[in-house]
Amino acid sequence: MNTLKFNKEIKITTLSPDNLFGIELQSILYTPIKYRVPVPFIDTANSVNDTEKYILENYSQEEQEKIKYNTTLINEFLSEIFNSDSTSSNDIEEIAKKYMAKQENIDYKPPERLRILDVSDNLDNIDGYLVIDSNVLIDYNCSLLCNFLNLNFDNFNHFFIFFTIYFGMFFESLEKNQLIYLEKNEFLDINSILSFAKEIYIKYKYDIMDTQQLFKNFVDLLYGYNNSSEIDDLTLKQKFYVFCEINKKKLSKISNSYQHTGLFTFKYEIEEPLNLNIDDLAKQINQLDPNGSKINTDYNLCTDNIYTVLYISLYNLVLNNNAIVRQCKNCSKYFSTNKSNNYYCSNIFYQGKTCKDIGNQLYQQRKENNEPVYGKYRNIYAKKATLLKRHPDIYSKDDYENWKKEAKQFLKDIKNNKSTYEEFDTWLNKNK
């Protein structure tokens with residue numbers, strides 16, 4: 001980087017009408033080697049020079065020709081998929097097979113990917129470099145907001161992840177000597193960036209935590225478990241309005257900090273229509289997109305404030321009401337779901353089991369423990385086990401195992417809504 005031209009702009013692009021956004025920004029990304037090569041590394045979107053350098057240094061001339069040929073095939077494949085009238089997975093798979101059969105065999109040696117740091121990274125021992133580069137995040141049903149709410153800003157490592165992803169928020173807070181370092185070095189020493197972040201952490205920690213708490217309060221009012229009856233009687237949009245009115249001053253710097261680009265219309269990613277005759281254009285669209293699945297919205301929003309992105313994402317979720325944000329009743333982390341009766345997230349909690357697995361098991365156990373017929377079953381079960389142990393000559397093991405097998409099948413059928421506790425109770429009375 002000969003000159004440091006950092007772009008703080010965050011561009012929000014709608015990828016679907018209601019629940020999917022693409023977020024384009026510049027971040028501090030991690031690479032274990034001195035290459036800013038993305039994966040797949042033949043995609044040169046991030047760094048053409050580094051990609052070409054890596055290929056020249058790691059592949060023979062023959063292999064380089066094969067890479068160029070395969071790259072051409074990939075572009076042809078993507079073009080055919082886009083222009084295809086069919087969107088079925090079977091048709092796409094057939095097209096993929098056709099191009100895969102044409103590809104040259106080559107032993108690809110891709111570098112480890114240019115990536116975002118994660119809270120699981122050990123910052124004390126991590127080797128490699130940091131680079132400032134373009135970054136794309138996908139926000140599906142407020143996933144970015146959930147990630148933000150789940151960060152623990154009392155933990156510096158969590159702050160550092162936030163700092164590197166949304167570096168634009170802190171760029172103007174850097175000292176002159178820090179800016180000079182960034183300008184002179186394309187591959188940044190991790191310890192240097194850690195020291196920059198630690199200074200900013202001291203300045204901004206509590207401001208960030210205040211904003212995080214504001215969003216937590218917002219989400220809890222919209223989707224929480226402990227609202228008053230007056231709040232619960234409101235619609236989702238009414239709740240959103242109430243929170244904004246009560247917190248107008250705090251939200252003003254967030255909700256107004258954006259610029260609109262593009263048009264409020266719809267578009268196709270194709271060349272200009274062949275003509276503007278309404279019937280011919282309609283015919284062309286029917287051929288291109290018979291079920292209307294390929295049409296996109298044509299507006300973008302720009303901001304330099306990640307909190308504005310999160311606010312817009314939450315607004316959009318409420319506007320379309322196609323998902324909700326919940327706080328997991330097991331691990332307390334926030335997550336988004338399309339099911340109103342889902343109270344547990346899918347994060348791994350213990351020994352490979354997710355909160356959803358554990359939560360459902362605990363719910364089922366509580367439900368069974370509170371069910372009188374289940375208690376009756378447990379009592380009979382214990383009596384039969386005792387009878388077998390004390391009087392095996394009267395009560396055979398085969399009878400005990402058969403009874404146990406039938407009882408467990410009853411419980412399984414009840415769980416799968418194939419039977420009821422009333423039917424189980426009748427069976428227990430006949431088979432005490």
Side-chain angles (χ1 to χ4, degrees), residues 11-25 29 31 33 35-116 133-140 143 262 266-275 280-298 300:
K11 183 179 179 182
I12 310 170
T13 304
T14 55
L15 301 179
S16 72
D18 51 8
N19 61 355
L20 189 65
F21 293 100
I23 313 298
E24 301 174 51
L25 71 165
L29 305 177
T31 175
I33 54 177
Y35 287 104
R36 295 161 70 236
V37 182
V39 169
F41 69 94
I42 51 176
D43 171 12
T44 59
N46 276 12
S47 178
V48 175
N49 292 336
D50 276 347
T51 303
E52 291 178 351
K53 181 181 176 183
Y54 182 83
I55 291 173
L56 286 172
E57 291 183 359
N58 290 275
Y59 293 89
S60 67
Q61 186 62 43
E62 181 183 357
E63 288 174 325
Q64 291 173 41
E65 292 301 320
K66 289 182 179 180
I67 289 174
K68 289 179 182 179
Y69 176 74
N70 287 350
T71 303
T72 302
L73 283 181
I74 290 173
N75 292 333
E76 291 176 3
F77 164 70
L78 294 174
S79 177
E80 183 168 340
I81 289 292
F82 184 79
N83 293 312
S84 172
D85 292 332
S86 173
T87 58
S88 75
S89 57
N90 288 336
D91 290 343
I92 292 174
E93 187 176 340
E94 287 302 313
I95 296 172
K97 287 179 180 178
K98 179 178 72 173
Y99 282 96
M100 287 175 67
K102 295 180 181 180
Q103 282 199 326
E104 293 279 3
N105 289 325
I106 181 171
D107 181 20
Y108 282 111
K109 301 178 282 288
E112 293 186 60
R113 63 192 178 98
L114 188 68
R115 65 174 177 85
I116 294 172
D133 213 326
S134 58
N135 188 19
V136 176
L137 305 173
I138 300 299
D139 184 38
Y140 178 70
S143 57
F266 302 94
K267 67 175 180 178
Y268 281 106
E269 297 292 343
I270 57 174
E271 297 179 1
E272 288 296 318
L274 298 178
N275 58 65
D280 289 341
L281 181 56
K283 182 179 179 181
Q284 183 184 357
I285 291 173
N286 278 322
Q287 292 174 344
L288 170 70
D289 186 18
N291 60 8
S293 62
K294 295 181 180 180
I295 196 165
N296 296 310
T297 52
D298 189 26
N300 299 307

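Since we're looking at a predicted model, the values are computed, not measured. Along the sequence shown, residues are numbered consecutively beginning with 1.
- The structure places CG of Asn300 at 11.0 Å from CZ of Phe21, a figure rounded to the nearest 0.5 Å.
- When the shell of 6.0 Å around NZ of Lys68 is examined, it contains 12 or fewer heavy atoms from other residues, nucleotides or ligands.
- For the pair Lys66 and Tyr69, the cation does not sit on the ring face, since its NZ or CZ is not both under 6.0 Å from the ring centre and inside 45° of the axis.
- Under the salt bridge (Lys or Arg N to Asp or Glu O under 4.0 Å) criterion, Glu57 pairs with no residue, sequence neighbours left out.
- Taking all atoms of both residues into account, the shortest heavy-atom contact from Ile138 to Ser143 is O-OG, 3.5 Å.
- Annotation: the span from Ile55 atom CD1 to Thr71 atom OG1 amounts to 7.0 Å, rounded to 0.5 Å.
- The backbone N or O of Asn70 lies less than 3.5 Å from no partner atom in the side chain of Glu104, so there is not a single donor-acceptor pair.
- Here the CE atom belonging to Met100 is positioned 11.0 Å from the CD1 atom belonging to Ile74, to the nearest 0.5 angstrom.
- Pairing each heavy atom of Glu63 with each of Ile106, the nearest pair is O-CD1, 3.5 Å.
- For the residue pair Tyr59 and Asp107, the shortest heavy atom distance occurs at CE2-O, 3.8 Å.
- Residue Gln64 comes nearest to Leu56 through the heavy atom pair OE1-CD2, 3.3 Å, listed as atom of the first residue, atom of the second, then distance.
- Residues meeting the salt bridge (Lys or Arg N to Asp or Glu O under 4.0 Å) test with Lys98, sequence neighbours left out: Glu80.
- Asn135 and Leu137 make their closest contact through ND2-CD2, 3.7 Å (heavy atoms, listed as atom of the first residue, atom of the second, distance).
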| message | For a side chain to side chain contact (heavy atoms under 4.5 Å, CB included) check, start with the C-alpha distance between Thr31 and Asp133, then their side-chain angles and the critical distance, and finish with the verdict. | response | CA-CA 11 Å; Thr31 175; Asp133 213 326; over 6 Å; no
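- By the 4.5 Å heavy-atom criterion applied to side chains, Val136 and Ile23 are not counted as neighbours.
- Side-chain atoms of Asn286 come within 3.5 Å of backbone N or O of Ala282 as a donor-acceptor pair.
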